[in-house]
Amino acid sequence: MTSNTIVGALFQEGTSQIRPPYFNGQHFSHWKVRMETYTISYDIKVWRVIKKGNLQIPPKKDKDGEIIVSYDPLDLNDYTEEQADVIQVNTKAKNLLYNTINGEEYEKMSSCETAKEMWDKLEVTYEGTNKVKETRINHLVHDYKLFQMKDGESIEEMFYRFSKILGDLKFFGRPIGSGEQQQHTQYYPTP
């Protein structure tokens with residue numbers, strides 16, 4: 001029953017190839033994987049902007065190759081097609097992230113200038129710094145090594161807990177290889 005409630009919370013907005021995954025402040029690791037996949041399928045340049053930062057706007061040049069300085073950055077007539085394309089990709093990245101978060105998350109992100117700043121803030125907020133991540137990995141490895149079925153726990157609940165540990169380890173960059181899994185499961189007889 002517990003796992004059904006959790007699964008229901010994960011997919012409350014449904015899945016869509018058109019709408020980006022919605023983040024309500026819970027289950028960040030799951031949302032992050034879905035968001036990466038969605039964004040790459042939407043536009044890989046947008047994903048690059050989110051992860052690496054804004055694309056640089058190329059300078060406008062005259063016919064002799066001399067750089068033209070624009071005095072009004074909001075005048076759309078001053079932009080070349082190439083400049084407009086770069087600005088559009090940078091803005092799409094930020095817009096995509098704004099469209100995936102709730103009002104509470106928006107308050108945390110509203111001061112960010114770029115999509116990368118927004119993404120980094122989400123990661124630090126929900127994953128922590130590298131030291132916090134290392135501590136969480138150590139805790140998950142400990143849970144994995146000592147994993148066993150709890151009294152009164154169904155097979156489904158046990159499998160969910162075990163899968164969650166494996167998924168979280170993979171998310172934090174410490175996947176358990178099949179050799180380690182076989183070594184771990186040899187202690188549990190198969191039915």
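- Without hydrogens or angle criteria, Asn95 side chain to Thr91 main chain gives no donor-acceptor distance under 3.5 Å.
- By the criterion of side-chain heavy atoms lying less than 4.5 angstrom apart, applied directly or through intervening Ile, Leu, Val, Met, Phe, Trp or Tyr residues, Val33 is grouped together with Phe23 in one hydrophobic cluster.
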> Is there a side-chain contact (heavy atoms from CB on, under 4.5 Å) between Ile101 and Met109 once you walk through the steps?
Replying inline: CA-CA 9 Å; Ile101 57 177; Met109 305 296 120; 3.8 Å; yes

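- A donor-acceptor contact shorter than 3.5 Å is absent between the side chain of Glu117 and the backbone of Cys112.
- Proximity of Thr100 to Tyr22: side-chain heavy atoms (C-beta onward) are nowhere separated by under 4.5 Å.
- For the ring pair (Phe, Tyr, Trp, His ring centres under 6.0 Å) test, residues two or more places apart in sequence or in another chain that qualify with Tyr98 are Tyr106.
- Between Arg48 and Gly53, the shortest heavy-atom contact is NH1-O, 2.6 Å.
- Here the CG-CD1 distance, from Asp85 to Ile57, works out to 11.5 Å after rounding to the nearest 0.5 Å.
- Across every non-hydrogen atom of Pro20 and Asn99, the tightest pair is CG-O, 4.3 Å.
- Donor-acceptor pairing under 3.5 Å is recorded for the side chains of Tyr126 and Glu105.
- Residues Val49 and Ala93 approach most closely at CG1-CB, 3.5 Å, considering heavy atoms.
- Residue Glu134 qualifies as open at atom CD: its count of foreign heavy atoms under 6.0 Å is 12 or below.
- With a 4.5 Å cut-off on side-chain heavy atoms, Lys51 and Lys116 do not count as touching.
- Distance OG/Ser29 to CG/Leu169: 11.0 Å, rounded to 0.5 Å.
- Between Lys108 and Leu122, every side-chain heavy-atom pair lies at or beyond the 4.5 Å cut-off.
- For Glu127, the salt bridge (Lys or Arg N to Asp or Glu O under 4.0 Å) partners are Lys32, Lys133, not counting sequence neighbours.
- Leu146 and Phe159 fall into different hydrophobic clusters, where Ile, Leu, Val, Met, Phe, Trp and Tyr residues are linked whenever their side-chain heavy atoms come under 4.5 Å apart, directly or through other members.
- Here the side chains of Lys121 and Ser111 are in contact, with some heavy-atom distance below 4.5 Å.
- Lys145 contributes atom NZ, which lies 8.0 Å from atom CD1 of Ile176 (distance to the nearest 0.5 angstrom).
- Note that OH of Tyr160 and CD1 of Ile165 are 11.0 Å apart. Values are rounded to the nearest 0.5 Å.
- The pair Glu153-Arg161 counts as a salt bridge, with a side-chain nitrogen and a carboxylate oxygen less than 4.0 angstrom apart.
- The side chain to side chain contact (heavy atoms under 4.5 Å, CB included) test with Lys92 is passed by exactly one of Val46, Thr39, Ile87: Val46.
- Note on ring orientation: taking the six-membered ring where Trp is involved, the planes of Phe28 and Trp31 are tilted (angle from 30° to 60°).
- Neither Val86 nor Ile67 shares a network with the other; the hydrophobic side chains, linked directly or stepwise wherever heavy atoms of I, L, V, M, F, W or Y lie under 4.5 Å apart, form separate groups for each.
- Between the CH2 atom of Trp119 and the CD atom of Glu36 there is a distance of 7.0 Å, given to the nearest 0.5 Å.
- You'll find the side chain of Lys94 reaches within 4.5 Å of the side chain of Met118, heavy atoms only.
- Inter-residue side-chain proximity for Arg174 and Leu140 is flagged as unmet; no heavy-atom pair is nearer than 4.5 Å.
- Atom CG of Asp64 has more than 12 heavy atoms from other residues, nucleotides or ligands within 6.0 Å.
- Inter-residue side-chain proximity for Tyr38 and Trp47 is flagged as unmet; no heavy-atom pair is nearer than 4.5 Å.
- Taken to the nearest 0.5 Å, the CD atom of Gln88 stands 9.0 Å off from the NZ atom of Lys45.
- For the pair Asp120 and Val124, the minimum side-chain heavy-atom distance is 4.5 Å or more.
- Put simply, the side chain of Asn90 never gets that close to the backbone of Asn54: no donor and acceptor are under 3.5 Å apart.
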